[in-house]
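Step one of this worksheet: look at the structure below.
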Protein chains: 4
Amino acid sequence: MVRVGRPSGPAEATAEVVLRAALTLLLEEGGAALTPQRLHQLTSVSRATIYRHWPTPTDVLAALIDVAPDPERPLTGDPVRDVHAEVDALCDRLHEKPVATFLQALVAMAATDPAAVELRQRYVDGLIAPFYRALNGADLPPTEVKDAVAAIVSPLLVDALLLDRPAARVRAHRVVDLHVRPSSARQEADPASSHGRPGRE
Amino acid sequence: MVRVGRPSGPAEATAEVVLRAALTLLLEEGGAALTPQRLHQLTSVSRATIYRHWPTPTDVLAALIDVAPDPERPLTGDPVRDVHAEVDALCDRLHEKPVATFLQALVAMAATDPAAVELRQRYVDGLIAPFYRALNGADLPPTEVKDAVAAIVSPLLVDALLLDRPAARVRAHRVVDLHVRPSSARQEADPASSHGRPGRE
Amino acid sequence: MVRVGRPSGPAEATAEVVLRAALTLLLEEGGAALTPQRLHQLTSVSRATIYRHWPTPTDVLAALIDVAPDPERPLTGDPVRDVHAEVDALCDRLHEKPVATFLQALVAMAATDPAAVELRQRYVDGLIAPFYRALNGADLPPTEVKDAVAAIVSPLLVDALLLDRPAARVRAHRVVDLHVRPSSARQEADPASSHGRPGRE
Amino acid sequence: MVRVGRPSGPAEATAEVVLRAALTLLLEEGGAALTPQRLHQLTSVSRATIYRHWPTPTDVLAALIDVAPDPERPLTGDPVRDVHAEVDALCDRLHEKPVATFLQALVAMAATDPAAVELRQRYVDGLIAPFYRALNGADLPPTEVKDAVAAIVSPLLVDALLLDRPAARVRAHRVVDLHVRPSSARQEADPASSHGRPGRE
DNA sequence: ATTTAACCGAGACGGTACGTCCCGTCTTTAC
DNA sequence: GTAAAGACGGGACGTACCGTCTCGGTTAAAT
């Protein structure tokens with residue numbers, strides 16, 4: 001079938017100006033401010049236009065998430081080292097606000113819009129996935145992998161979500177050491193082995 | 001100065017009928033439904049009356065929290081056992097909805113109302129406090145206590161808040177065993193020692 | 001049952017200011033201008049308030065009609081004279097705009113709102129009724145009464161509605177003389193008998 | 001200057017399909033439905049195309065009126081007979097809807113669009129003209145001709161426009177007899193002379 | 001067969017009004 | 001003083017249509 005007529009979707013300029021304003025709004029006033037009304041006021045893009053392309057605030061948030069994917073970090077092959085790297089990366093992202101704010105906004109939206117539930121799911125999965133990837137090389141049974149990831153990541157998320165405080169980076173590193181030692185190494189492990197990393201907290 | 005006239009505060013009947021409706025609303029439609037409007041519709045208590053006694057939705061939520069305090073569990077003196085008991089208690093409360101819903105509502109409200117931020121803080125502290133209490137008896141350094149509590153509780157909260165799934169009870173018990181062994185016992189610990197507890201998950 | 005609380009219906013001030021503005025609008029811009037939006041702009045009464053009390057433009061028009069009822073003219077007992085008086089009265093009312101404008105508005109609204117159809121019916125009946133009342137005394141058979149009223153009134157309405165010109169007063173008086181002579185008198189009638197009336201047209 | 005390229009104006013197929021839909025819309029939903037939007041929905045002719053050829057709803061209505069002119073009836077030379085024939089013709093046209101609907105639509109549009117005022121004028125003139133033509137042969141003074149036409153036609157229009165009822169055909173015939181007798185014949189007139197016509201009402 | 005002007009469909013876009021909903025405050029009345 | 005009933009201004013919501021516009025692809029006459 002031959003396509004005729006003007007191409008569909010927002011003109012590039014429109015999409016850019018709206019999403020840029022959306023990011024600003026989100027960071028400065030939180031997810032509840034991502035309304036068509038506020039976006040219109042900030043961008044002077046017509047309210048109707050915004051509804052056309054992003055019918056719900058969830059759609060705006062989804063578009064925001066899509067434009068800033070998390071770049072993959074290269075694996076060294078050493079699981080312990082890789083997991084520590086991921087901890088640092090996640091703490092950095094949580095510290096630089098957008099990720100923590102995205103999470104807060106997703107939780108708040110999920111209370112209203114079922115579509116946001118799924119989005120929240122995918123977003124959290126995206127945050128956790130790198131840890132599973134890093135732990136792939138360690139010879140741990142699946143249960144221990146899951147436990148380790150949960151014990152490492154959850155406190156960071158809780159810090160960002162519930163306690164409004166910077167992610168507890170050094171604690172996370174300690175938990176990594178506790179969980180990710182290969183079982184064979186646990187008795188002989190040198191507890192100071194991970195002290196070379198920069199404790200940025 | 002002598003007080004004259006009708007005593008202040010809502011008549012008991014009013015307060016009860018409103019808060020009962022508020023709980024129903026909260027559980028069935030989430031924190032965003034806790035509006036004067038909805039409460040009025042459900043209770044046929046006048047909107048003006050509701051505004052008088054609970055000026056903001058946060059006040060309603062705070063009143064709800066106050067009426068259902070968490071009863072303290074008696075301590076046995078055995079930290080390991082007490083922490084396991086607390087894990088079970090928290091999982092039960094998260095499972096029976098109110099607590100998880102309170103948390104979601106508090107997070108959502110905190111995005112809007114600063115007063116809710118403080119309330120959220122206090123509520124989370126109330127959830128965590130029993131674990132610190134239980135670990136009081138264990139001869140662990142403060143850092144390890146904090147790490148342990150975080151590693152135990154955070155995954156449960158994340159399950160309830162972010163992943164909409166029942167709290168991972170057995171995993172939490174495993175994590176307790178991993179963290180709460182008294183340090184002196186870690187080498188000789190029998191990893192099967194906690195298998196007697198009922199795995200209710 | 002005891003009535004409690006503030007009495008229902010618009011406060012007097014509100015109703016007056018809105019209806020006054022509605023009349024101005026109607027006369028200056030026609031029935032299509034009787035929208036909540038325009039009324040709000042002119043009165044700075046809130047749009048919501050207007051919707052509360054007059055949910056449709058037809059309701060506004062109905063309220064307008066209710067506040068300005070046509071006062072009854074006294075009957076002399078002489079049908080011919082009374083009908084001539086009614087012709088003058090109707091021409092005056094059509095000339096002074098409100099009635100003609102009401103009619104136009106009612107026709108236009110009736111195209112959209114079924115409620116306006118009934119209102120239009122009642123309004124037209126109200127315009128015609130005085131003629132039937134005046135002709136009551138004449139000893140004419142019912143058919144001739146109807147014919148006479150139609151022949152007298154219709155051209156006036158058509159002038160106002162379709163041709164945007166002042167009602168043809170003198171023609172209407174001629175038609176009265178043609179239709180309302182008592183049949184016994186038609187042969188002997190002095191065609192100049194009605195020349196004493198002031199020809200205001 | 002030599003014209004080159006595709007000729008201007010709508011392709012025949014486009015014009016026909018749009019006007020056919022416009023007529024349907026007009027009859028079923030009234031003049032207010034004659035919008036570019038509705039025409040587009042019914043015909044799947046692009047909205048832009050419709051704007052190109054009929055910039056306002058009034059233009060659509062004008063085009064509709066142009067495509068269905070009233071065919072002239074032949075005159076017999078007998079004014080009385082001819083006028084009766086015209087009465088029947090007008091009643092038929094009013095009864096078959098389009099004319100009555102056109103009138104209603106024209107009145108409604110005239111409230112908004114000044115261009116429709118002129119159109120309405122022309123349309124009404126077109127309805128009345130045949131009566132003047134038929135009365136041309138009668139030896140009546142101009143004033144009486146005007147009175148007669150008004151008394152005959154106006155009630156029919158009022159029936160269609162204001163009272164939503166079928167045109168009162170037999171009354172119209174009676175009024176013809178009353179007005180159109182040549183003055184010389186009025187004394188000797190046989191009032192039953194017109195009873196031979198079929199009373200279709 | 002090419003030009004060339006116009007048609008035509010698809011859709012973006014700003015704008016405006018719609019009718020609804022809830023907010024928070026106020027006034028009126030009854031108890 | 002408490003409470004109910006309800007008016008009121010305010011503001012956002014989501015929808016609908018308006019009129020204009022920019023794209024592309026198509027069509028039909030004149031060269």
Side-chain angles (χ1 to χ4, degrees), chain A residues 2-15 18 35-38 40-41 43-53 55-57, chain B residues 3-11 13-14 32-33 35-38 40-41 43-53 55-57, chain C residues 2-15 18 35-38 40-41 43-53 55-57, chain D residues 2-15 18 32-33 35-38 40-41 43-53 55-57:
Chain A
V2 185
R3 290 290 302 112
V4 141
R6 176 167 181 165
S8 174
E12 274 187 37
T14 303
V18 169
T35 65
Q37 186 71 19
R38 302 285 279 121
H40 160 62
Q41 286 165 354
T43 61
S44 61
V45 164
S46 161
R47 224 157 45 84
T49 299
I50 293 171
Y51 276 107
R52 252 190 295 270
H53 298 300
T56 73
Chain B
R3 293 287 298 109
V4 151
R6 178 168 179 166
S8 164
T14 303
T35 66
Q37 190 74 16
R38 303 283 282 120
H40 158 65
Q41 287 165 356
T43 61
S44 61
V45 165
S46 161
R47 235 161 29 90
T49 302
I50 293 172
Y51 276 108
R52 250 189 296 275
H53 299 300
T56 73
Chain C
V2 185
R3 291 289 301 110
V4 142
R6 175 168 183 165
S8 171
E12 275 186 36
T14 303
V18 170
T35 66
Q37 187 69 21
R38 301 286 280 119
H40 160 63
Q41 287 166 351
T43 62
S44 60
V45 164
S46 160
R47 226 155 47 81
T49 298
I50 292 172
Y51 276 108
R52 252 189 294 271
H53 299 300
T56 73
Chain D
V2 185
R3 294 289 299 105
V4 151
R6 179 170 177 162
S8 166
E12 274 186 37
T14 302
V18 170
T35 65
Q37 190 73 17
R38 303 283 281 120
H40 160 62
Q41 286 166 355
T43 60
S44 60
V45 166
S46 161
R47 231 158 38 85
T49 302
I50 292 171
Y51 275 107
R52 256 190 290 270
H53 298 300
T56 74

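The structure displayed is predicted, hence computed values, not measured ones. Lettering follows sequence order; numbering is per chain, from 1.
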Could you grab the distance from atom OG1 of B:T14 to atom CZ of B:R52, nearest 0.5 Å is fine?
10.0 Å

Under 4.0 Å between any heavy atoms, over every strand shown, what does C:P10 touch: base, sugar-phosphate, or nothing? Just pick one.
sugar-phosphate

Would you mind reading off the distance between C:H40 atom NE2 and E:dG19 atom P, rounded to a whole angstrom?
14 Å

Whether the side chain of D:R47 and the base of E:dG9 hold a donor-acceptor pair under 3.5 Å is what I'd like checked.
no

With DNA chain E as reference, determine whether B:Q41 or A:T14 sits nearer its 5' end, using the nearest nucleotide of each.
A:T14

Within the pair C:T49 and F:dG9, is there a side-chain N or O less than 4.0 Å away from OP1 or OP2?
yes

Testing E:dG9, F:dC13, E:dC18 for proximity to the side chain of C:Y51, the answer is E:dC18

Atom CD1 of D:I50 to atom P of E:dC8: distance rounded to whole Å?
11 Å

Any chance you could measure B:R47, atom CZ, to B:R38, atom CZ, to the nearest 0.5 Å?
14.0 Å

On DNA chain E, check which nucleotide each of B:P36 and D:S46 is closest to and give me the residue with the more 5' one.
D:S46

Does a side-chain N or O from D:T35 land closer than 4.0 Å to OP1 or OP2 of F:dC17, or not?
no

Return the minimal non-hydrogen interatomic distance between D:T43 and D:V18, and the atom names on each side.
CG2-CA, 4.1 Å

On DNA chain F, does the nearest nucleotide to B:V45 precede the nearest nucleotide to C:A48 from the 5' side, or the other way round? Give the residue.
B:V45

Would you say a side-chain N or O of B:H53 is under 4.0 Å from OP1 or OP2 of F:dA3?
yes

Just to confirm, is there a sub-4.0 Å distance from OP1 or OP2 of F:dC13 to any side-chain nitrogen or oxygen of A:Q37?
yes

Mind calculating the distance between CZ (D:R52) and P (E:dA5) to the nearest angstrom?
17 Å

For the pair D:I50 and D:H40, evaluate side-chain contact (heavy atoms from CB on, under 4.5 Å) and give the outcome as yes or no after the intermediate values.
CA-CA 8 Å; D:I50 292 171; D:H40 160 62; 4.2 Å; yes

